[in-house]
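Reviewing the structure listed below.
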2 protein chains.
Amino acid sequence: MAGTRPKVVETASQLRAAVRGFRGEGAKVALVPTMGALHAGHIALVRRAREIAGRSVVSIFVNPTQFGPTEDFSRYPRTFEADLDKLADVRADLVYAPAAADMYPQGFATRIEVGGPSQGLETDFRPHFFGGVATVVAKLFIHCMPDYALFGEKDYQQLKVVTRLSRDLDLGVQVVGMPTIREADGLALSSRNAYLSPEERATAPVIHHALNGAAEMIRAGGDPTIATAQASERIAAAGLRVDYVAARNAETLAPLAGADEPVRLLAAAWLGTTRLIDNIPV
Amino acid sequence: MAGTRPKVVETASQLRAAVRGFRGEGAKVALVPTMGALHAGHIALVRRAREIAGRSVVSIFVNPTQFGPTEDFSRYPRTFEADLDKLADVRADLVYAPAAADMYPQGFATRIEVGGPSQGLETDFRPHFFGGVATVVAKLFIHCMPDYALFGEKDYQQLKVVTRLSRDLDLGVQVVGMPTIREADGLALSSRNAYLSPEERATAPVIHHALNGAAEMIRAGGDPTIATAQASERIAAAGLRVDYVAARNAETLAPLAGADEPVRLLAAAWLGTTRLIDNIPV
C-alpha cells in the first residue's frame with residue numbers, strides 16, 4: 001500500500017533545517033546515498049535505515065564526476081517520480097535531490113582521493129571513479145551530518161573506500177554495509193541491469209555463478225589464483241569481456257598475503273555495452 | 001599583563017564539547033589554525049578572532065603532511081609553553097593541540113587536492129604542500145565547525161586555496177584573511193625568520209623592498225613581466241636564490257590576462273637554508 005511521498009528538498013540549507021528538526025525530536029538520522037533508479041537493493045537500505053535510526057534521508061543525485069568521458073552518465077536511468085513512489089511505500093522521511101550546479105558551482109576545484117582500499121580493481125579500469133565518489137559522498141555527509149550512512153555491498157570496494165573516507169576526515173558518520181540483493185537466478189540487483197537485452201539478461205547470472213564456483217574451490221583448499229582464473233574463463237566463455245576477477249583481503253582489499261585472512265571475491269565484466277560488477281565472501 | 005592560560009584540549013571530541021559549550025552561551029566561534037611558534041602575526045589573528053566572534057579557538061599542530069621529505073619538519077620551531085603565554089595575553093579561549101597519531105591514525109589514506117588557486121607559484125616548488133594543507137585544514141574545520149577561520153595574507157596562496165576548499169566542501173566556515181604584519185624594516189613576520197643568522201636577517205627585507213619597487217613600476221604603467229623580472233634580479237643580487245617572483249590575478253591567482261584586473265605580486269626565495277615568502281597588492 002502506497003504511503004505519502006517523502007518531502008523533497010534541493011538545497012543543503014533546506015536539508016540541514018530538516019535534519020535539525022529530526023534531531024530536535026531526539027531522532028538519529030541515517031542517510032542512504034543513491035543515484036536514483038531505485039530497486040529492491042536500495043529499498044532494503046532504506047528499510048534498514050529506518051530500523052537503526054529514527055529518521056531516514058535518501059539522497060538522489062546522478063554524480064557526473066564519477067563517470068568517465070566515455071561512460072554512461074547521459075544514459076544513466078533517471079526515474080525520479082517512480083523513485084518517490086517506492087520511497088513512499090517504505091515511508092522514507094526525506095529526499096535530498098541537489099542540483100549539479102549547487103553541488104559543483106562555478107570555480108569548483110576540490111577533489112578528495114582515498115588511497116588504501118581504492119587501489120586496483122575498479123581503479124584499474126575507472127581511474128576517475130573513486131575520486132568522484134569520495135568527493136560527492138564527503139559533500140553529502142557534510143550537508144546532512146547523519147549518524148549513519150548505508151551502502152550496499154554490491155559496490156564492495158566503494159563501501160570500503162567510503163568507510164575509510166568517513167574515518168579519515170572524522171565526519172562522525174558510521175558507514176553501514178548491507179548484503180547484496182539478488183534476483184532469483186543470482187544476478188545482483190543494479191540500476192544498470194535495465195540496459196540488458198532479454199538475451200543478455202539471461203546470460204548475466206554467469207558472473208555470480210562463476211564467483212560461487214571459485215569460492216567453493218577456495219573453501220575446499222584450492223589456490224585463489226587458479227580459482228579466480230577459472231572463474232574468469234567461465235565468464236568469458238559466456239561471451240562477456242572480463243575486466244577482472246580477483247581474490248582480495250575482505251577488509252583492506254589488499255592482494256592476499258597468506259593464510260587465515262578473510263577473502264572476498266570481486267569481479268567486473270562487460271556484457272555488450274553494459275558493465276556489471278559483483279562480489280561475494282568466501 | 002599576562003592573563004590566564006587558555007584551556008588546552010587534545011582530541012576532537014573534547015574540542016567539540018568545548019565548542020558546544022561556547023555555542024550554548026550564544027557565542028560565535030572563530031578558529032585560528034597555526035603550527036605554533038606564534039609571533040605578532042598570529043596574535044593579530046587571535047585579536048581579530050575575538051572581535052568578529054565571541055570565542056576564539058587556536059589550533060597548534062605542526063602538520064607533517066605539508067612538509068616535503070627534504071624540508072624543515074623536524075627543525076620547525078616548537079615553542080608550546082611560550083605560545084600559551086602569548087595566548088594568555090590576548091585571552092584566547094581555547095587551544096586545540098591534537099596529536100599526529102590522532103590526526104593521521106593507522107591506515108589513513110585520504111588526501112584533498114584543491115586545483116584552481118593552487119596551480120603554479122608554491123606548487124611548482126612544493127608540490128606536496130597544498131594537498132597537505134587542504135587535508136589538515138578540512139579536518140580542523142570538521143573537528144571545530146567554526147563560524148570563521150582566520151589566516152594571514154603572508155601565505156596568500158594558502159589563503160585562496162583554503163577559501164576555495166571551504167566553499168567547495170560547503171564546510172560553512174567563512175575564511176577571513178588578515179594583512180601581513182611586518183618588522184620595522186619591512187620583513188614579513190614568519191616563524192621561519194628564527195632560522196636566519198644576523199647577517200641573513202639584515203638582508204631578508206630585500207624581498208619586500210623588491211616587491212614594493214615592482215608594484216610602483218606597475219602602478220606607473222610598467223609591464224608586470226618586466227617589473228617582476230627586475231624584482232627577481234634585485235633579490236638575486238642580494239645573494240638569495242629566487243624560486244619565483246610573479247604577478248597574478250589577486251582573486252584567482254591565474255596569470256594576468258588583461259588590464260583592469262586586481263594584481264598581487266608574490267615571491268619566494270632562499271636565504272641560505274631558509275625559504276622566505278612574501279606578497280603585496282599592487
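Not measured: the values here are computed from a predicted model.
Chain B is approached within less than 4.5 Å, heavy atom to heavy atom, by A/Gln106, A/Gly107, A/Phe108, A/Ala109, A/Thr110, A/Arg111, A/Ile112, A/Glu113, A/Val114, A/Gly115, A/Gly116 from residues 106-128 of chain A, ordered by number.
For A/Leu169, the parts lying near chain B are the backbone and the side chain together; criterion is any non-hydrogen pair under 4.5 Å.
Across all their heavy atoms, A/Asp170 and B/Arg16 have their closest contact at O-NH2, 3.1 Å.
Going from atom CE of A/Met103 over to atom CG of B/Asp168 covers 12.0 Å, rounded to the nearest 0.5 Å.
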